[in-house]
Amino acid sequence: MSRYDPAVIEKKWQDAWDQAGCFTARRDPARPKYYVLEMFPYPSGRIHMGHVRNYTMGDVVARTKIAQGYSVLHPMGWDAFGMPAENAAMERGGHPKEWTYGNIADMRDQMKPLGLSIDWSREFATCDPEYYGQQQAMFIDMMEKGLVYRKNAVVNWDPVDMTVLANEQVIDGKGWRSGAAVERRELTQWFFKISDYSEDLLTALDGLKDWPEKVRLMQANWIGQSRGLQFAFETVGAPAGFERLEVYTTRPDTLLGASFAAISPDHPLAKALESDPKVAAFVAECRKGGTSAEEIETAEKIGFDTGIRVKHPLDPNWELPVWIANFILMDYGTGAIFGCPGHDQRDFDFATKYGLPIKPVFVAEGADEAPLAEAFVPMKSERVRYVRGFAGDAVQTGDQAVAAAIAHAETNGYGQGVTKYRLRDWGISRQRYWGCPIPVIHCATCGVVAEKKENLPVRLPDDVTFDVPGNPLDRHPTWRDCTCPKCGAKARRETDTMDTFVDSSWYYARFTSPHAATPTDAADVDYWMNVDQYIGGIEHAILHLLYSRFFARAMHKTGHLPAKAIEPFNALFTQGMVTHEIYMTRDGNGRPVYHLPEDVIRSESGATLKDGTPVEVIPSAKMSKSKKNVVDPMNIIAQFGADTARWFVMSDSPPERDVEWTASGAEAAFKHLTRVWNLCSRIGELPADHTGPDDDMLRKATARAIHDVTQGIETFAFNKAIATLYAFTNTLAKADASTPVMKEAIRTLAKLMSPMTPHIAESIWTYQGGDGLCATAPWPKADPALLVDDTVTLPIQINGKRRAEITVPKEMPASEVEKIALADEAVIRFLAGQPVKKIIVVPGRIINVVV
RNA sequence: GCCCGCGUGGUGGAAUGGUAGACACAGGGGACUUAAAAUCCCUAGGCUUCGGCCAUGCCGGUUCGAGUCCGGCCGCGGGCACCA
């Protein structure tokens with residue numbers, strides 16, 4: 001066997017796998033299927049270490065499942081619509097389409113050398129007309145089922161990207177991509193009725209046993225179920241049509257602490273009052289506030305007394321003033337509240353500012369009523385004493401009191417208990433070019449009409465320019481012109497395109513039949529769905545995964561997915577990031593200048609540039625181009641090979657945690673692979689009739705390695721699987737056993753390494769006479785007889801401290817073990833004649849002597 | 001502010017309530033070499049009077065036995081937020 005040269009073997013085996021078609025997914029009713037999917041990448045043009053880690057994890061699972069006899073689907077595609085392509089067109093000229101497809105080709109070229117077990121015949125990009133045409137067909141089906149609607153809505157307008165953002169895409173009042181302060185605008189928008197599924201999306205989370213608890217919790221919080229009381233105040237002095245004011249509260253037990261009612265500036269009543277210039281001015285003042293983080297932090301609670309009064313539901317003689325207040329949101333609850341300053345800090349601040357009464361409703365269990373310096377807001381599970389209660393016991397928990405208050409309201413007919421959700425409908429309209437056109441036509445006589453399916457896809461025009469901001473579809477000379485599918489008259493196309501989250505909400509289903517003439521093929525989705533293992537970043541814990549869960553339900557309703565697939569991802573794994581130290585110097589003005597790791601010489605004491613300039617080392621953070629703490633996977637592959645990169649990203653850190661990339665770690669991985677290679681050579685050169693004393697030991701170690709590595713992979717403890725492989729390699733290197741046992745051990749080592757380092761495994765496998773390709777060879781099974789030891793070493797504790805150990809036959813009865821332990825020399829010395837009070841023998845585990 | 005999660009050697013990390021520190025990185029020593037690189041071997045939590053003692057963020061508790069379970073602090077990270 002020659003020198004370990006990854007550049008030679010990796011290409012060779014990739015070609016061999018291609019030729020053998022090992023990774024082409026086939027429907028095979030005779031075998032169980034396994035669908036493993038990693039979140040598909042955005043085609044930025046360059047792969048990074050995060051991709052390598054993500055796809056290696058999926059590859060380890062896929063390759064293991066192939067070896068275990070499953071029919072495996074492991075596809076790859078591109079989340080290819082979106083603004084970066086348009087931004088590139090604006091900055092550099094060219095066309096988003098060329099930029100995107102060019103990037104896809106580049107990235108595919110960078111991914112192939114990783115040796116991933118991907119069925120490339122299923123590859124697609126979401127910007128392929130073949131894909132987005134099917135998405136348009138589903139949109140039309142969803143319209144028919146009432147899952148799509150338009151409404152005039154106040155939306156988040158991103159003034160830089162000239163587009164609307166979903167509430168979820170506004171982070172700290174800024175656009176999640178552009179970072180620009182978001183403004184409020186009113187536009188007619190397209191929405192998906194995700195709120196129809198609020199309850200189902202929430203309760204079904206309980207069934208997702210193989211999802212991280214954290215993700216389920218984040219989704220539950222996002223959906224935001226609350227139980228409260230909805231009731232109507234009778235108004236005094238309100239305009240016609242506003243005789244009643246509906247409010248919602250989660251704390252109906254505090255009703256007797258009410259000191260005012262407040263409505264949102266966007267409330268219909270506020271609009272009705274806008275004829276009063278003072279109201280109009282106040283409402284305008286509230287709107288100006290916007291939602292930027294800075295303003296939220298500094299925003300003062302402001303209000304305007306409308307002069308209208310409402311009657312308290314429990315006492316018609318008690319009237320409360322109605323204020324318009326800037327901290328009331330129109331799209332939560334009813335857009336109107338009653339304020340209870342004693343038990344809500346916002347209401348407290350508001351009441352303090354405007355001199356409204358502050359009365360406690362309850363006090364701590366042992367306390368007396370006293371003036372409040374701030375709102376008293378204990379946990380609802382805590383018991384408190386009600387001084388202004390009206391339902392339930394005087395001393396009860398908040399939860400009990402809320403339930404009692406709702407019951408009281410329902411019995412007396414002034415309100416009813418309702419369940420509300422925070423989740424809002426999904427606004428999908430984007431005023432952008434590079435997205436899936438919404439397949440709808442506006443006709444002067446017929447109104448909004450869906451395009452005929454035979455006219456799909458509604459293709460994006462190629463002749464567009466990006467020299468002015470705004471939507472190129474809107475200013476295209478002819479694209480909008482069309483005929484009404486209903487009446488045939490001249491009409492205009494919708495120029496909004498869809499949020500790119502729509503594209504990624506069903507790609508997992510499309511992979512089951514990527515070229516079908518319908519969105520999915522019934523036989524294919526039935527065979528392949530669900531995704532058995534989904535792997536991706538925690539950053540998609542809420543949006544992408546929630547939208548996908550909704551979309552699967554919508555696809556079921558429109559006949560594109562079977563009922564079993566409404567939760568499309570059986571198991572989810574969220575991997576950590578790849579991090580790296582940051583190297584920084586400062587320029588003449590003291591501004592930071594960052595340096596690439598390859599330009600820095602790292603030593604124990606610190607770091608310098610190649611010219612000796614000292615460099616400040618900043619602790620590891622996510623690899624990012626701006627901090628230049630990036631390592632290009634292509635450079636690593638060129639230097640060490642893909643197997644080294646794959647081995648390193650899977651070793652050391654648990655996969656759900658961040659892993660720090662270090663040059664020494666990568667070198668160590670390469671050295672180890674070289675050691676395995678050399679070990680293989682040495683074993684290959686053993687004479688066929690060589691014998692040694694370690695046959696039994698090595699057979700047992702091999703069985704143990706099979707067991708531990710398999711378990712490590714199956715529980716996503718890849719770092720532990722790799723630790724086992726290191727240990728087994730060390731054992732094998734030191735063993736002197738007969739040639740067949742040595743060969744069996746190294747072949748097993750190769751097979752166990754193959755999910756992580758498939759190329760070197762293949763070379764070793766072949767060299768050691770393995771049958772066929774290692775990639776498709778069956779996964780080894782440990783002989784159970786070899787996993788049990790005849791003897792066991794038991795530590796002996798005296799009063800909980802380890803003092804000695806004995807080795808006894810595994811099945812020895814506890815009474816015998818006790819005798820041997822007490823006869824042990826070290827034990828006798830430590831006991832020093834003290835009487836033994838108690839002796840605990842845990843079979844196979846430990847002995848504890850208590851004195 | 002609320003809700004999660006996490007604190008173990010110089011570093012990344014192992015450890016069904018049962019020998020804390022597996023495996024690896026960095027370090028130290030040695031072999032080989034004219035020398036270096038590479039490779040191989042040994043060593044490696046701290047302290048020690050060489051008997052041991054102290055060690056899993058801190059303080060208590062449960063237990064024969066706690067890194068692991070419970071309570072309270074401290075620190076770090078993530079998520080959510082004028083959400084009624």
Side-chain angles (χ1 to χ4, degrees), chain A residues 172 212-222 224 226 228-229 247-252 254 262 264 289 291 295-297 299-301 325-329 331-340 343-347 349-350 377 379 420-424 538-539 541-542 579 602-604 620 648 651-654 656-669 671-672 674-675 678 708 717 719-730 733-734 793-805 829-830 837-842 844-851:
Chain A
D172 293 337
E213 186 58 42
K214 182 191 171 93
V215 173
R216 290 191 284 164
L217 188 72
M218 284 164 74
Q219 291 218 349
N221 289 342
W222 188 263
S226 68
L229 178 73
V247 299
Y248 172 71
T249 176
T250 55
R251 289 310 298 259
T254 65
S264 163
T291 52
E295 279 165 314
I296 284 171
E297 271 167 34
E300 217 186 322
K301 287 168 187 54
N326 65 340
F327 62 97
I328 312 297
L329 300 179
D331 42 10
Y332 191 83
T334 60
I337 63 150
F338 76 81
C340 176
H343 303 289
D344 183 298
Q345 192 59 43
R346 290 160 301 166
D347 295 348
D349 296 344
F350 190 79
V377 191
M379 304 266 281
K420 288 201 186 285
Y421 297 90
R422 202 182 77 114
L423 183 67
R424 283 171 254 177
I538 187 74
E539 68 273 19
I542 298 176
T579 65
R602 192 79 173 85
S603 70
E604 206 193 333
S620 268
F648 179 75
S651 64
D652 284 356
S653 289
E656 68 276 13
R657 272 200 234 173
D658 293 350
V659 64
E660 182 176 15
W661 184 275
T662 58
S664 57
E667 275 162 34
K671 282 181 194 173
H672 176 72
T674 307
R675 249 189 320 267
N678 294 337
D708 290 355
N719 57 323
K720 285 189 256 176
I722 285 187
T724 301
L725 288 168
Y726 269 112
F728 181 48
T729 305
N730 292 341
K734 285 177 185 154
T793 300
L794 297 175
I796 303 172
Q797 293 182 335
I798 293 169
N799 284 344
K801 282 188 188 296
R802 182 187 171 277
R803 296 300 184 186
E805 64 179 37
R829 183 157 51 82
F830 270 98
K837 277 195 204 148
K838 194 173 172 186
I839 178 161
I840 292 141
V841 178
V842 183
R845 277 291 176 191
I846 203 166
I847 302 155
N848 195 3
V849 182
V850 187
V851 294

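Quick caveat: nothing in here was measured; it's all calculated off a predicted structure. Chain identifiers are assigned alphabetically (A, B, ...) following the order of the sequence lines, protein sequences preceding nucleic acid strands; residue numbering begins at 1 within each chain.
- If you check every strand for non-hydrogen atoms under 4.0 Å, A:I328 touches a base.
- In this structure, A:R803 reaches the B:C53 phosphate: one of its side-chain N or O atoms is under 4.0 Å from OP1 or OP2.
- Counting non-hydrogen atoms under 4.0 angstrom, A:D344 reaches nothing in the nucleic acid.
- Atoms CZ (A:F648) and P (B:A24) sit 15 Å apart, rounded to a whole Å.
- Of the listed nucleotides (B:G13, B:C83, B:U19), B:C83 has the atom at the smallest distance from the side chain of A:R424.
- With contacts defined as side-chain heavy-atom distances shorter than 4.5 Å, the pair A:I796/A:R803 does not qualify.
- B:C74 and B:C59 are spaced 15 Å apart, taking the P atom of each and rounding to whole Å.
- Across all strands, A:D347 comes closer than 4.0 Å to no nucleic acid atom at all (heavy-atom distances).
- Rounded to the nearest Å, the gap between the P atom of B:U56 and that of B:U19 is 16 Å.
- No contact: A:S651 has no heavy atom under 4.0 Å from any strand.
- Spacing between B:G78 and B:C83 at atom P, rounded to whole Å, works out to 22 Å.
- Across every strand in view, B:C40 sits in a pair with B:G30 that passes the Watson-Crick or G-U test at under 3.5 angstrom.
- Proximity of a side-chain donor or acceptor of A:N848 to a complementary backbone N or O of A:G800 within less than 3.5 Å is detected.
- Proximity of A:T254 to A:H343: side-chain heavy atoms (C-beta onward) are separated by under 4.5 Å at one or more points.
- Going from the P atom of B:G72 to that of B:C2 covers 14 Å, rounded to whole Å.
- Of the candidate nucleotides B:G12, B:G79, B:C83, B:G79 has the atom nearest to the side chain of A:M218.
- Separation of the C1' atoms belonging to B:G9 and B:A20 is 11 Å when rounded to the nearest angstrom.
- Contacts of A:V842 with the nucleic acid, taken as non-hydrogen atoms under 4.0 Å apart, include base atoms.
- Looking at which nucleotide of RNA chain B each of A:Y726 and A:E667 is closest to, the 5′-most match is held by A:Y726.
- The shortest distance between side-chain heavy atoms of A:N799 and A:V850 falls below 4.5 Å.
- Counting non-hydrogen atoms under 4.0 angstrom, A:K837 reaches nothing in the nucleic acid.
- A:Q797 comes within 4.0 angstrom of a base, heavy atoms only.
- Put simply, A:K801 has no side-chain N or O that comes within less than 4.0 Å of OP1 or OP2 on B:C53.
- Base pairing of B:G65: no nucleotide in any strand meets the Watson-Crick or G-U wobble criterion (both distances under 3.5 Å).
- Within the structure, a side-chain polar atom (N or O) of A:R657 is placed less than 4.0 Å from OP1 or OP2 of B:G13.
- Inter-residue side-chain proximity for A:I337 and A:Y248 is flagged as unmet; no heavy-atom pair is nearer than 4.5 Å.
- When both distances must be under 3.5 Å, the Watson-Crick or G-U wobble mate of B:C23 is B:G12.
- With the nearest nucleotide of RNA chain B identified for both A:A733 and A:V659, A:V659 has the one nearer the 5' end.
- Nearest nucleotide to the side chain of A:N848, out of B:G13, B:G18, B:U19: B:G18.
- Note on A:G335: a base of the nucleic acid sits closer than 4.0 angstrom, heavy atoms only.
- Under 4.0 angstrom from either OP1 or OP2 of B:C64 there lies at least one side-chain N or O belonging to A:K838.
- B:C4 sits 15 Å from B:A81 when the C1' atoms are compared, rounded to a whole Å.
- Between A:K214 and A:I538 there is a side-chain heavy-atom pair separated by less than 4.5 Å.
- Taking 90° from 0 as the syn/anti boundary, the base of B:G9 is oriented syn.
- Out of B:C3, B:A81, B:G13, the shortest distance to the side chain of A:P654 is found at B:G13.
- At distances below 3.5 Å, at least one donor-acceptor pair connects side-chain atoms of A:S264 with backbone N or O atoms of A:I328.
- Among the nucleotides B:A84, B:G18, B:C23, the one closest to the side chain of A:A723 is B:C23.
- Searching all strands for a Watson-Crick or G-U wobble partner of B:A35 with both distances below 3.5 Å returns nothing.
- Within the 4.5 Å cutoff, no side-chain heavy atoms of A:F338 are placed close to those of A:D347.
- Applying the 4.0 Å criterion to OP1 and OP2 of B:G52, one finds that A:R829 has a side-chain N or O inside that range.
- The separation of B:G17 from B:C70, taken at their P atoms, amounts to 12 Å, rounded to a whole angstrom.
- Against the 90° criterion about 0, the sugar-base torsion of B:G51 places it in the syn range.
- With B:C25, B:U19, B:C42 as the choices, the nucleotide that has an atom nearest any side-chain atom of A:K734 turns out to be B:C42.
- Of all nucleotides listed (B:U19, B:G79, B:A26), B:A26 comes nearest to the side chain of A:S664.
- Nucleotide B:G77 forms a Watson-Crick or G-U wobble pair with B:C4, both donor-acceptor distances falling under 3.5 Å.
- Residue A:N730 places at least one side-chain N or O closer than 4.0 Å to OP1 or OP2 of B:A24.
- With C1' as the reference atom, B:A44 and B:A22 are 15 Å apart, rounded to whole Å.
- Between the side chain of A:R845 and the base of B:U16, a donor-acceptor pair under 3.5 Å is found.
- When heavy atoms are screened at a 4.0 angstrom cut-off, A:K420 is found touching no nucleic acid atom at all.
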